[in-house]
Amino acid sequence: MSDTPPQNPDYDTMTRDIAEVPAVEVIVTVAVNLMSAAAVKLGLTEEGDEHKDLDEARKLVTALAGLLDASATEISSFHAAPLRDGLKSLQLAFREASLVPDEPGQGPGEKYTGPVYG
């Protein structure tokens with residue numbers, strides 16, 4: 001019998017692990033993952049335009065804005081402020097990357113944040 005842990009933990013183990021994580025940490029982790037994915041789709045990584053896809057970026061930025069809007073009262077300003085700053089940066093990067101920029105208030109996530117200006 002091996003002392004090596006199993007490669008795929010069972011459902012009970014995963015449930016127990018997630019049960020120990022505070023909700024704020026889950027929300028922040030999801031937000032950071034959305035931000036990272038949006039940055040890649042906006043071509044803001046080292047690979048640049050290799051993975052650029054503005055349609056995908058729009059979806060991710062909108063999802064991030066919705067998550068932050070819905071969780072604003074649930075997470076402290078300590079967590080929310082840098083996430084909102086990151087969201088605004090992504091929204092501005094999207095506007096810059098677009099050949100035909102959206103009207104103010106029509107960009108990704110702006111239905112949640114209001115118009116974003118540089």
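Residue numbers run from 1 in the order of the sequence given.
Proximity of L42 to K52: side-chain heavy atoms (C-beta onward) are nowhere separated by under 4.5 Å. You'll find the side chain of L92 stays beyond 4.5 Å of the side chain of Y117, heavy atoms only. Within the 4.5 Å cutoff, no side-chain heavy atoms of Y112 are placed close to those of L68.
For the pair R95 (side chain) and G107 (backbone), a donor-acceptor distance under 3.5 Å is absent. Without hydrogens or angle criteria, E74 side chain to V24 main chain gives no donor-acceptor distance under 3.5 Å.
Placement of L64 and I27 within a single hydrophobic cluster is found when ILVMFWY residues are connected by side-chain heavy-atom separations under 4.5 Å, directly or transitively. L34 and V116 are not part of a single hydrophobic cluster, where members link through side-chain heavy atoms under 4.5 Å apart.
Rounding to the nearest 0.5 Å places CD of E56 at 13.0 Å from NE2 of H51. Atom NE2 of H79 is separated from atom CD of E25 by 8.5 Å, given to the nearest 0.5 angstrom.
Heavy-atom neighbours of E47 CD from other residues, nucleotides or ligands within 6.0 Å: above the threshold of 12.
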I would like to know whether I75 and L83 meet side-chain contact (heavy atoms from CB on, under 4.5 Å); could you show each step before the answer?
CA-CA 11 Å; I75 61 177; L83 294 173; 4.2 Å; yes
Tell me, with the steps shown, if D53 and R58 meet salt bridge (Lys or Arg N to Asp or Glu O under 4.0 Å).
CA-CA 9 Å; D53 184 334; R58 177 182 294 277; over 6 Å; no
Take T113 and L87 through the test side-chain contact (heavy atoms from CB on, under 4.5 Å) and record every step on the way to the result.
CA-CA 9 Å; T113 64; L87 170 60; 3.6 Å; yes
side-chain contact (heavy atoms from CB on, under 4.5 Å) evaluation trace for V61 with K41:
CA-CA 10 Å; V61 172; K41 297 298 183 178; over 6 Å; no
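Evaluated for a side chain to side chain contact (heavy atoms under 4.5 Å, CB included) with L90, the options L44, D85, L60 yield exactly one hit, L44.
Ion pair E110/K88 not flagged as a salt bridge, since none of the NZ, NE, NH1 or NH2 atoms sits closer than 4.0 Å to an Asp/Glu carboxylate oxygen.
Minimum interatomic distance between P82 and S77 (heavy atoms only, all atoms of both residues): CD-O, 4.1 Å. Taking every heavy atom of both residues into account, P108 and D102 meet most closely at CD-OD2, 3.8 Å. Among all heavy-atom pairs drawn from A38 and A57, the shortest one is O-CB, 4.3 Å.
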